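Computation of the quantities below employed the complete heavy-atom set of this structure, encompassing side-chain atoms and omitting hydrogens, waters and symmetry-equivalent molecules. Counting convention: from 1, in listed order, for ligands and their atoms alike. It should be emphasised that the depicted structure is a prediction, and the values quoted were computed from it without experimental measurement.
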Amino acid sequence: MDIVITMTASKLLKTLNPKQRAYVNLKLADPQNGEYMLAVFHLVPGGKLNILQSASEVAAESSTGTSFRVRTETPFSRELNALVYHVDVKRELVWIAYPWRLFDRRGNVQNILTYIVGNILGMKEISALKLLDVWFPPAMLEQYDGPSYTLDDMRKYLGVYDRPILGTIIKPKMGLTSAEYAEVCYDFWSGGGDFVKNDEPQADQDFCPYDKMVRHVKEAMDKAVKKTGRKKVHSFNVSAADFDTMIKRCEMIRSAGFEPGSYAFLIDGITAGWMAVQTLRRRYPDVFIHFHRAGHGGFTRPENPIGFSVLVLSKFARLAGASGIHTGTAGVGKMKGSPDEDIVAAHNILHFRDTGHFFRQEWATIPEKDKDAMHLVHRDMAHHVILEDDSWRGMKKCCPIISGGLNPTLLKPFIDLIGSVDFITTMGAGCHAHPGGTNAGAKALVQSCEAYMKGIDIKKYAKNHPELAAAIRFFPAKAKDIKHAESS
Ligand code: CAP
Ligand code: MG
Ligand code: MG
């Protein structure tokens, strides 16, 4: 980090009042010394403030301060001040270092977010404030759970390696009875699909009581396993009005006779909250915790000047211990998103070290110079047994879940973009809108994946795979329009 204070910065420094000055240190020698969690914001000041004045107000309100310097400060409380340590006036960016002793001990994500994307998003002193990237020091990472049951555990259970997990969301989004719902699950599984998820509003609606839904899904799963000879997974939405009801739903699933590994818990992490995510992770380390991020667009959409990025959301999901989180389709599907946002986020939650928008984050303490260890880690990326060795203090991977407007023809374009098959994909419309119905939709998805694995173009593969052929005829071939979809 450039610690030479430029002319502009020194001019800006002179404009600060004494309170603001206490939250700025443009000479902070080594922000990555382990004491600080680092954050980069895009910031446009509000009112007549300049960017440094505004940034210092942000640093104050997001750590120890308020609008005026208070008489109750102590020398120790001042040590906890967040510090603006770098400003890029041209790009309207500010870097802030947060002493991480500020945060609740023993790993509490909601507590961090209450500081760094809390009050400050509503302050008069800003007209734009977007948290773009964060960096966690290794000692801080150790306080956080990280994922327990991972994609690799699900792979082991399903016996599926070297390809994405193929899934669906039952559609219509709402309105099927529990028996109808389970029938669609069966159709998908028996067509060769691996994974079915409840949609994000699934709860205990009167027309589809939760207990009946669970019972019917169990029957459908047993039938499909028997028919196909393959294991299957269902992700149940356990989001609820209160803690007790959420746990009741979890326990209902656990006592319904499912094999461990065959069920996941889906939580609407934005609307139900981080406490719910961390509760599930801590209570059920043997279950895949599926973070559905409905509502995130209010914070993450690029045209929204206030909020945080997909990368920030995804990094915190990994910290909180989600086994997987939706990271978007990078413009391939129906939701807004770009490779720049979505693929960067997906890579950062998958790997032991990766570069975000500003920071290179290490999620393990494997020495880079240890070539043998690094080789092992890379080879082991998919299966991940390596992390059973705790000495590398690694935080396990959180898997990208790719969903939204996808269909079997879009699998390869997305794999090409992300450069990996280490994800779960769920296609709702992309299976249930297939002209041959859900079962044919599942077959088309499986066939498109087979084509990818064999390196055969889907059009060629479709010649003797009628379900795939029908999918290609039916779903608009958006594969070539990735860029167009993003800019439209
Ligand atoms: C997809 C989906 C997903 C969103 C999530 C839906 O259905 O079930 O919830 O895509 O978005 O309801 O729209 P389709 P994201 O496959 O039928 O589009 O992953 O971007 O958070
Ligand atoms: Mg307050
Ligand atoms: Mg959905």
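- Looking from atom 17 (O) of ligand 1 to the surrounding protein, the closest heavy atom is Ala429 N, 2.8 Å.
- Taking the six-membered ring where tryptophan is involved, the planes of His326 and His292 are tilted, since the angle between them lies from 30° to 60°.
- By the 30° and 60° cut-offs, the orientation of the rings of Phe288 relative to His290 is perpendicular.
- In the model, Arg318 has no side-chain atom that pairs as donor or acceptor with a side-chain atom of Tyr144 under 3.5 Å.
- The closest protein non-hydrogen atom to atom 13 (O) of ligand 1 is Lys334 NZ, 2.4 Å.
- Residue Lys173 approaches ligand 1 through these ligand atoms, each under 4.0 Å from one of its heavy atoms: 6 (C), 12 (O).
- Distances from the Mg ion (ligand 3) to each N, O or S atom of Asp199 single out OD1 as the nearest.
- Near Met427, with a cut-off below 4.0 Å to any heavy atom, the atoms of ligand 1 are 16 (O).
- The pair Lys248-Asp204 fails the salt-bridge criterion, with no side-chain N (NZ, NE, NH1 or NH2) lying under 4.0 Å from an Asp/Glu carboxylate O.
- Under a 4.0 Å criterion applied to the non-hydrogen atoms of Asp199, ligand 1 contributes the atoms 8 (O), 9 (O), 12 (O).
- For ligand 1, the atoms sitting less than 4.0 Å from at least one non-hydrogen atom of Gly405 are 14 (P), 16 (O), 18 (O), numbered in the order shown with element in parentheses.
- In summary, the aromatic rings of Tyr115 and Tyr98 are positioned with their centroids too far apart to meet the 6.0 Å limit.
- Aromatic ring orientation, Trp189 versus His234: perpendicular (interplanar angle above 60°, classes split at 30° and 60°).
- Atoms CD1 and CG, from Ile306 and Leu129 in turn, are 7.0 Å apart once rounded to the nearest 0.5 Å.
- Checked by atom type, the side-chain pair Tyr461/Glu450 shows a donor-acceptor distance below 3.5 Å.
- In this structure, Gly430 falls outside the shell of residues with a heavy atom less than 4.0 angstrom from ligand 1.
- Between Phe316 and Phe136, the distance from one ring center to the other falls under 6.0 angstrom.
- Of all protein heavy atoms, the one lying nearest to atom 19 (O) of ligand 1 is His326 ND1, 2.7 Å.
- For Phe258 and Phe236, the gap between ring centers is short of 6.0 Å.
- In terms of protein heavy atoms, atom 10 (O) of ligand 1 is closest to Gly404 CA, 3.0 Å.
- Considering each of Arg293, His292, Glu200, the one bringing a non-hydrogen atom nearest atom 21 (O) of ligand 1 is Arg293.
- Its N, O or S atom nearest to the Mg ion (ligand 3) is what matters here, and for Glu200 that atom is OE1.
- The aromatic ring centres of Trp274 and Phe291 sit less than 6.0 Å apart.
- For atom 3 (C) of ligand 1, the closest non-hydrogen atom on the protein side is Ser403 OG, 3.6 Å.
- The contact set between ligand 1 and Ile169, taken as ligand atoms under 4.0 Å from a residue heavy atom, comprises 1 (C), 7 (O), 8 (O), 16 (O).
- Within ligand 1, the atoms closer than 4.0 Å to a non-hydrogen atom of Lys197 are 8 (O), numbered from 1 in the order shown.
- In the vicinity of Gly428, heavy-atom distances shorter than 4.0 Å reach the ligand 1 atoms 14 (P), 16 (O), 17 (O).
- By heavy-atom distance, the residue among His432, Lys171, Lys336, Met335 lying nearest atom 7 (O) of ligand 1 is Lys171.
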